[in-house]
Amino acid sequence: MNLSVNIGKLKLKNPVMTASGTFGYGEEYSEFVDLNRLGAVVVKGLSLTPREGNPPPRIIETPAGMLNAIGLQNIGIEVFIKDKLPFLRQFHTPVIANFFGDTVEEYSEAAKRLSDIEDIHGLEMNISCPNKHAGWIIFGTDPKVTFEVVSAVRRATHLPLIVKLSPNVTDIALMAKVAEDAGADAVSMINTITGMSIDIKTRRPRLANMTGGLSGPTIKPIAVRMVYEAYRAVKIPIIGMGGIMKAEDAIEFMLAGATAVAAGTANFVNPTVTIDIIHGIESFMKENSIVDVKELIGALRC
Amino acid sequence: MNLSVNIGKLKLKNPVMTASGTFGYGEEYSEFVDLNRLGAVVVKGLSLTPREGNPPPRIIETPAGMLNAIGLQNIGIEVFIKDKLPFLRQFHTPVIANFFGDTVEEYSEAAKRLSDIEDIHGLEMNISCPNKHAGWIIFGTDPKVTFEVVSAVRRATHLPLIVKLSPNVTDIALMAKVAEDAGADAVSMINTITGMSIDIKTRRPRLANMTGGLSGPTIKPIAVRMVYEAYRAVKIPIIGMGGIMKAEDAIEFMLAGATAVAAGTANFVNPTVTIDIIHGIESFMKENSIVDVKELIGALRC
Amino acid sequence: MSRYFRAEIKENRPVDKSYNILGLKPLKPSREPEPGQFYMIGIGGEYDPLLKRPFSVFRKNSDGFQILYRIKGRGTLLMRDMKEGVVIDVLGPLGNSYPLPDKGQIPLIVAGGIGIASVFSLAEKLSGESYMFYGARNRDELLMLNELKGLAEELFISTDDGSSGRKGTIADVLNDFLTHPSPVTQAKACGYSIYACGPKPMLEAVSRIAIDKGLNGYVSLEENMACGVGACLGCVVKTREGYKRVCKEGPVFPIEEIVW
Amino acid sequence: MSRYFRAEIKENRPVDKSYNILGLKPLKPSREPEPGQFYMIGIGGEYDPLLKRPFSVFRKNSDGFQILYRIKGRGTLLMRDMKEGVVIDVLGPLGNSYPLPDKGQIPLIVAGGIGIASVFSLAEKLSGESYMFYGARNRDELLMLNELKGLAEELFISTDDGSSGRKGTIADVLNDFLTHPSPVTQAKACGYSIYACGPKPMLEAVSRIAIDKGLNGYVSLEENMACGVGACLGCVVKTREGYKRVCKEGPVFPIEEIVW
Ligand SMILES: Cc1cc2nc3c(=O)[nH]c(=O)nc-3n(C[C@H](O)[C@H](O)[C@H](O)COP(=O)(O)OP(=O)(O)OC[C@H]3O[C@@H](n4cnc5c(N)ncnc54)[C@H](O)[C@@H]3O)c2cc1C
Ligand SMILES: Cc1cc2nc3c(=O)[nH]c(=O)nc-3n(C[C@H](O)[C@H](O)[C@H](O)COP(=O)(O)OP(=O)(O)OC[C@H]3O[C@@H](n4cnc5c(N)ncnc54)[C@H](O)[C@@H]3O)c2cc1C
Ligand SMILES: Cc1cc2nc3c(=O)[nH]c(=O)nc-3n(C[C@H](O)[C@H](O)[C@H](O)COP(=O)(O)O)c2cc1C
Ligand SMILES: Cc1cc2nc3c(=O)[nH]c(=O)nc-3n(C[C@H](O)[C@H](O)[C@H](O)COP(=O)(O)O)c2cc1C
Ligand code: FES
Ligand code: FES
């Protein structure tokens, strides 16, 4: 039985990864999960310099989901390399660094810096961030800007480059195509969907930041649809995520067109979920006499 | 205590309406709900000629929500006028006719026909429908097309015109503004969000139509955010909906900027939900010494 | 008498590994259900599961009524854990019911699997006049056999694996019965009227037999439902006159109407 | 010994209208909790509610441990209905714990409302050496008074409405105690160490008193949590060194660190 898949030139021993921002720097969950078992570890989004993030409350629960407004708090690339990467180096699992910037230049510089480091095996660029030079409009919602920033990062790195798409767009297939055209090796989707919740007693937003990103089972139907739309538009692999809670969900994403998948919010509910998903995919393959997990990719019947 | 609100020149005795497609033609729920109590009854979407709709399965449940692919099945405007409107005429509650077309011309014609009829008090145009003349791309996702179709309908009717916005867009505030500029008296939001679900055993989509519209509590955080964004962009009233299950939810939408609200999927879960919401708003106003429900509109504190 | 009411759970007991009987007592006067009608049953949880689940009325009793349900997915799994004394939301009785046979017609009741839940009360109502055909996957999935015995003039059984009754489908048994009618039935019959509830392939086979033999009859259909009252247009099936709603024009349809 | 385990509910009994004690027995060996640590408790429902809820360890017992919880929102409402024998998912013990007082220091334990749940086991551990200050809204919300009596050298009580103990806030009582120390405490004390858990305004008031009087001490904080293990950065509070995670660097923080 073969579970391995490829994301560009990056070979994963199985298609199950962690979603950025939900698995810390790997260490936090290492007492529950043997990191060697994972397809890849994707770490919390990094920027050139540390970020403080938003004031609390940063998370609230919603029906079958949650809103978060962490505000991209992170320790910065240098501290990550010095304090967190050595731990991850112990494992023979690819480390994918998720990163972002406020400007195209910051994106390139961050990509360059991360590419110099041994034992970072891939980059995932988060384009759901506001562009300082364009009135703080999100990089990932304007095809022209997306093309520009992805092209710039492409020039800055030789590592496999994954572009993490924002779902807050009219046409996700177009955005995936733009990323492909700009040189991405893969796209990952979906990032959180912007939402808001108001406390009617205080009349204030329940998140200090007003709005936050919706994740969890609640967004799965939207995420699956987007993966399906993108799959028909691009040739590069898709990493599917959004509400994956169990193996069945992961398989659903693969049938829709995902080459690999990531569990995000599910880690909070079940810290061993990634391993459970790997086991579940194996059982499913056995029961259905599937010898190569790649047979599932895009195998939806219409 | 005043609960009445205005949608253009239409006066509602309270802000609670029914969401199109979830309340049939009023008759279906009249044994559970005194229709005279409602702010308005919005009927299932109508077209010039009857539509057959999609093959079953048309609905499936998702976490805290549901996907539907009814495919706009309806009896057509003429049969509605002849067979369904007489029942609604018995009540002193405004009837709002939701309608759609495949072309700009069909939209205008439908609007014209409905405007000739006594006891239709307002029109809600559903622009989440594919445009036959533009490769079946949704009317409500391209600002230019939206402007064109709303302008045409505006010319065709003297009735209060509500434009029902699609949430499957990058910038809902822009779409609301376009509707306003084209002459809408109000916007309603949100329509369902496109989603998909796959049965991993059969590898087929669980809806015969592949994709469907997501509704219910699951979409509320997204809907509230969109109402809030639109509220800052337009002066015309907003009718808020998307996952309203109880009075607290309705109030949340009003604080975000909605002048009126509609319950949709909630009717399926609790057939008396509209009345429960009206009672709940009244209790909330009493407890908080609010004399006019309009005080709640956009009263979010930041 | 509102069709939307709260009801207390009086019993919720297994009748087999994956089948339970749920006894409900409406907390206010509610309408009498007719055979073939159904209820939408609310399952706890705040918003997940969200929708009510449709179940046929199985039997009326002194408290109110019972449903017989198969534990199938997450909703019915949660239902199995609902405790006596708990109060739930119920909508119903909904839909139409089985029309009674014309005078002199012999009613042939055909049930496949959990379809028995829907036709049981019809057999009761026909008080021993019907011939009943009941098929299931295996012996264990044949439910309520004792109760059924007195209910029909004759009871024919089949199982897919032959573990009880005839091996094969219940449609085959029905076909044989109609092809070689017994002298008794032949003598009595001013024709037959068929009442079938069960999985789609079985209903289709039964319908073909009925049409072949020129018999009239009815099938009770299932489709995913949201509202149960005809408002959402979610539960349609294809008929000769276009899509019809299972919850409103159905669940019972004349056999000749359905487009399979 | 994994900090993620399943546990059987041994008891779930009301101690007051809106407070329950939940007794849990881990189904496999689990780590011993220290006073101040907490658990993330899984609540049924498939995906709604989705997240686990954080609760302090209240007491250890022979089965495992107990938590004392206030029925507050929809999660704890559902928790109240969880029955004995049911098995749930638990993560913990998590976070840091109350550092013990330096030699000779008199521990002053300050609890506001449900804050008592967190400091109770600290008082037990300090076996009668502490002075305890416990405030609540009213007499009914003062929990576990009998159990508390033996636990501290002295127990001071206040209620907002004066229905029991002194009328006013427990911070005021603490302030009085520190302003007019009894001869006994004065004789004994090589200083005090404060341990406070309760609503934010109370913790802020206690912190101000501590800083005023130059005492060191600790507050246990709450913030909405998703992961409980430091991964999501959801539960931060503002400290002099930037945001820190309640679930990892806390929930117990030195008073001087917090920026209110
Ligand atoms: C008119 C009618 C009468 C019925 N009577 C009975 C009965 O007496 N006893 C019995 O055991 N079952 C009956 N069913 C089927 C029963 O409704 C489903 O088995 C049940 O809804 C499954 O719910 P679940 O959550 O366990 O399954 P899931 O598959 O998890 O349900 C997911 C969704 O699909 C819907 N669904 C799944 N299967 C069916 C189905 N076969 N029909 C309609 N909706 C379905 C559910 O209602 C739910 O919305 C009847 C169905 C209909 C339409
Ligand atoms: C470290 C720690 C220890 C705690 N110890 C106890 C204890 O021993 N006894 C006790 O009764 N309560 C304790 N709490 C508070 C308890 O977690 C909340 O009361 C509980 O989560 C409320 O859940 P709910 O679903 O009933 O409320 P809801 O308001 O419906 O919950 C909605 C969401 O907000 C979160 N939330 C709500 N209130 C709080 C809060 N005060 N702190 C953190 N998250 C919150 C919930 O976890 C949930 O995610 C503790 C909190 C923390 C952070
Ligand atoms: C608390 C939290 C923090 C996140 N941080 C990041 C981040 O730093 N970078 C990023 O690209 N995505 C981030 N995400 C998005 C997730 O990686 C993922 O795309 C999203 O949550 C959908 O998957 P899920 O439903 O499985 O959680 C974050 C999500 C959550 C819930
Ligand atoms: C079964 C169903 C049918 C619907 N039909 C229509 C329709 O005909 N026209 C329309 O504008 N919106 C239609 N809608 C969208 C609803 O009016 C509403 O905008 C949406 O469901 C979100 O609200 P809710 O979450 O309260 O259901 C339909 C929704 C559902 C669930
Ligand atoms: S279930 Fe809504 S129309 Fe039948
Ligand atoms: S709850 Fe996730 S970091 Fe504390």
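So that the names make sense, note that chain A is the first sequence line, chain B the second, and so on, each numbered from 1. What you see is a predicted model; the values in this text were computed from it and never measured.
Under a 3.5 Å cut-off, the side chain of A:Arg203 and the backbone N or O of B:Arg301 do not form any donor-acceptor pair. Side chain of A:Asn14 to main chain of A:Val16: a donor-acceptor pair is present (N/O by atom type, distance under 3.5 Å, no hydrogens or angles). With hydrogens and angles disregarded, no donor-acceptor distance shorter than 3.5 Å links the side chain of A:Ser166 to the backbone of A:Thr141. Under a 3.5 Å cut-off, the side chain of B:Asp171 and the backbone N or O of B:Leu174 do form a donor-acceptor pair.
Comparing B:Asp142, B:Thr194, B:Val169 by how many heavy-atom pairs each has under 4.5 Å with chain A, the most go to B:Thr194. Highest contact tally toward chain B, considering only A:Ile198, A:Ile251, A:Thr218, is held by A:Ile198 [criterion: heavy-atom pairs under 4.5 Å]. Ranked by heavy-atom pairs under 4.5 Å with chain B, the list A:Ile222, A:Ile200, A:Val224 is led by A:Ile200. Between chain A and the options B:Met254, B:Arg225, B:Glu287, B:Glu229, the largest number of non-hydrogen pairs under 4.5 Å is found for B:Arg225.
For A:Lys201 and A:Asp199, the salt-bridge test fails: no basic side-chain N is under 4.0 Å from an acidic carboxylate O. Using a 4.0 Å cut-off between a side-chain N of Lys or Arg and a carboxylate O of Asp or Glu, A:Lys144 and A:Glu148 do not qualify as a salt bridge. Salt bridge status for A:Lys220 with A:Asp249: present, with a side-chain N to carboxylate O gap under 4.0 Å.
Looking at A:Leu300, both its backbone and its side chain come within 4.5 Å of chain B, counting heavy atoms on both sides. With a 4.5 Å cut-off on non-hydrogen atoms, B:Thr62 touches chain A through its side chain but not through its backbone. Contacts of B:Thr211 with chain A are made by side-chain atoms alone, with heavy-atom separations under 4.5 Å and no backbone atom involved. Residue contact with chain B, scored on non-hydrogen atoms closer than 4.5 Å, involves the side chain of A:Leu296 exclusively. Heavy-atom distances place no part of A:Phe253 under 4.5 Å from chain B, backbone and side chain included. At a 4.5 Å heavy-atom cutoff, the contact between A:Thr202 and chain B is made by backbone atoms alone. Of the atoms belonging to A:Leu67, it is side-chain heavy atoms, and not backbone ones, that fall under 4.5 Å from chain B.
For the pair A:Val163/A:Ile127, a side-chain contact is recorded, criterion being any heavy-atom separation below 4.5 Å from C-beta on. Looking at heavy atoms from C-beta onward, B:Pro167 lies out of side-chain contact with B:Met189 at the 4.5 angstrom threshold.
In this structure, B:Phe139 has its ring center no closer than 6.0 Å to that of B:Phe100.
For the 3.5 Å distance criterion, the side chains of A:Arg206 and A:Ser197 qualify, holding a donor opposite an acceptor.
At a heavy-atom separation below 4.5 angstrom, chain B is approached by no residue within residues 260-273 of chain A.
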